[in-house]
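Comments concern the structure below.
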Amino acid sequence: MKQPSPYANSLALQRFPVVVVGAGPAGLTVGNILRAAGAECLVLETESRQFVERRPRAGVIEEWAVRGLERRGLARNLLDRAELHTACEFRFEGERHRLPYQELTGSHHWVYPQPSLVTDLVREYADVRGGQIRFGVRDVRLHDLDGDRPSVSYTCPETGGRQVVECSFVAGCDGARGATRAALPPERARVARHDYGIGWLALLAEAPPAGDSVLFGCHPDGFAGQMPRSPEVTRYYLQCPPGDDPTGWPHERVWTELRRRLGAAGAPPPVEGPLLEKRVLDMHDYVTEPMAFGRLFLAGDAAHLVAPIAAKGMNLALHDAFLLGDALTAHLTSGDDSGLAGYSQACLRRVWDYQEFSQWLSELYHGTAAGEPFRTGTTLARLRRLFTSRAAAAAFAEQYLGTAAHY
């Protein structure tokens, strides 16, 4: 729907070559790439700086993504502080099965909480590279995206007045419920959706992880996962019905289920501790095609959502940001439009690759709890194959680490 003119009752008109909407990993990475090239941009964020620097999110970063950040001068703290993971462990039929993916592929994961990465990126963009960023803005609207002078308007939190920013391009990095996604013309966007029909109870525990790796419990009562975040904090997941009420999971029930679903011969039980967070995530995916509409380019969850089944969300956001930041820089500094023209197609190749792997991995995690003997049997066969066939293990490791689709 066409937005009303942004200029009525507005303050002084401003202009930036690029307006980035959203100060998450994607938006801040785009902003940092532009500033490193000397290009001006403005980042708009509806939340406060304190909020975005503390918002709990993912923590698993693939090696190619870390190297991409490193090449752009954005990984100093990450490389100093992140934990390096070289293996994961599956538990099923009461046994432990370790999968040494670095040995199989030569690659590994880093674990670095997203709030820490966002803090680094905000500091680098705003405090070091002098980038313009406005927090706490309200009622963000996009205008004239099909023309050569698009604009973004918003309500200023200090004055309550409307501000208008003219630009050449808008980078939509404000997530699934943001203004840029809402601005898509429905007749030009195809949104493919998939619902897994399951929920995960997401837990953040003030307790050290039990062991040095990610754990996947494939149990008849439902999936359980351990994802270390730091030596003192651990992310856990428990499969539950979609839309389940987190209050129905008191402390004792949570730890009883974690002990049962992650239990295996010779395995230490999860280390019990206070639960800092408890919420239910309904497992679903979507992909928006194309990811570019006139002068609007989407990145991260604004364009696609992949359920946390395979820990791919932040990695996809960074992949988009590398491509978009480089493409915008090429246009602004040398007039090269090839990156912008090919942006959507290049992003979507990796997006669909990761979506397919997430769907495949979901059956591995949840098949034994489906209550269907045939699915249970085929899921267990798939699990056993991972630990009896080096080729099957290596193929899994390549997809798990993202090395099958190099950036």
Side-chain angles (χ1 to χ4, degrees), residues 6 10-12 14 16 18-35 40-59 61 69 74 76-78 81 112-142 151-165 167 170-183 202 204 206 229-230 233 235 276-279 281 298-303 305 308 313-314 317-318 320-321 324-325:
S10 68
L11 299 181
Q14 307 155 79
F16 286 83
V18 179
V19 173
V20 179
V21 185
L28 291 167
T29 299
V30 170
N32 271 297
I33 292 171
L34 290 168
R35 291 300 301 136
E40 293 293 329
C41 64
L42 172 66
V43 176
L44 299 176
E45 171 56 50
T46 59
E47 302 291 352
S48 68
R49 178 168 181 169
Q50 182 182 44
F51 181 89
V52 300
E53 291 183 345
R54 295 185 179 181
R55 176 168 44 195
R57 287 293 186 270
I61 310 181
L69 291 168
L74 301 173
R76 285 184 291 273
N77 285 342
L78 189 160
R81 302 172 185 173
Y112 192 60
Q114 183 170 314
S116 299
L117 179 62
V118 168
T119 298
D120 296 343
L121 294 173
V122 170
R123 183 181 299 116
E124 185 69 24
Y125 174 77
D127 304 336
V128 177
R129 301 184 182 183
Q132 295 291 311
I133 185 166
R134 293 169 195 167
F135 291 102
V137 302
R138 292 288 179 266
D139 192 21
V140 176
R141 301 180 191 177
L142 282 64
S151 61
V152 179
S153 65
Y154 62 92
T155 299
C156 174
E158 289 83 16
T159 67
R162 294 294 292 174
Q163 297 274 6
V164 180
V165 186
C167 56
V170 180
C173 309
D174 52 344
R177 299 177 181 85
T180 60
R181 182 174 171 79
L204 200 63
E206 190 177 354
R229 287 291 178 264
S230 74
V233 175
R235 170 72 73 187
L276 308 176
E277 180 190 59
K278 187 166 51 175
R279 58 197 176 102
L281 308 175
L298 301 179
D301 287 359
L305 181 72
M314 181 162 60
L318 290 172
D320 294 347
L324 183 55

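Start at 1 with the first residue, then count along the sequence. This one's a predicted model, so the numbers in the text were calculated from it and none came from an experiment.
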TODO: Determine the minimum heavy-atom distance between Leu281 and Pro308, stating which atoms define it.
DONE: CD1-CG, 4.1 Å
Task: Validation row: Glu45, Val52 side chains within 4.5 angstrom (heavy atoms) - done: yes
Task: pair Arg181-Arg177: side-chain heavy atoms closer than 4.5 Å - done: no
Task: Pair Arg134, Tyr154: side-chain N/O donor-acceptor within cut-off below 3.5 Å - done: yes
Open item on the list: One pair to check against salt bridge (charged side-chain N to carboxylate O under 4.0 Å, His left out): Arg55 and Glu47. What are the steps and the verdict?
Closed with: CA-CA 10 Å; Arg55 176 168 44 195; Glu47 302 291 352; 5.4 Å; no
Task: Sequence-distant partners of Asp127, side-chain hydrogen bond (donor to acceptor under 3.5 Å, both in side chains), two or more places apart - done: Arg49
Task: Donor-acceptor pair between Arg162 and Ser153 side chains, under 3.5 angstrom - done: yes
Open item on the list: Working to the nearest 0.5 angstrom, can you tell me the gap between Cys173 SG and Leu324 CG?
Closed with: 6.5 Å
Open item on the list: Tell me whether Arg138 at atom CZ has more than 12 heavy atoms from other residues, nucleotides or ligands lying less than 6.0 Å away.
Closed with: yes
TODO: Verify whether one side chain among Tyr112 and Asp120 offers a donor that lies under 3.5 Å from an acceptor in the other.
DONE: yes
- [ ] Could you verify whether a donor N or O on one side chain and an acceptor N or O on the other, from Gln163 and Gln14, lie under 3.5 Å apart?
- [x] yes
Open item on the list: Can you confirm whether the side chains of Ser116 and Arg81 place a donor and an acceptor under 3.5 Å from each other?
Closed with: no
Open item on the list: Looking at every heavy atom in both Thr119 and Glu53, which two are closest together, and how far apart are they?
Closed with: OG1-CB, 3.3 Å
Open item on the list: Measuring only between side-chain heavy atoms, which start at C-beta, is Arg76 closer than 4.5 Å to Glu124?
Closed with: yes
Task: Close side-chain approach of Val20 to Leu44, heavy-atom, < 4.5 Å - done: no
Task: Closest approach of Thr29 to Pro25 (non-hydrogen atoms, all atoms of both residues) - done: OG1-O, 2.6 Å
TODO: To the nearest 0.5 Å, tell me how far Arg129 CZ sits from Leu74 CG.
DONE: 5.0 Å
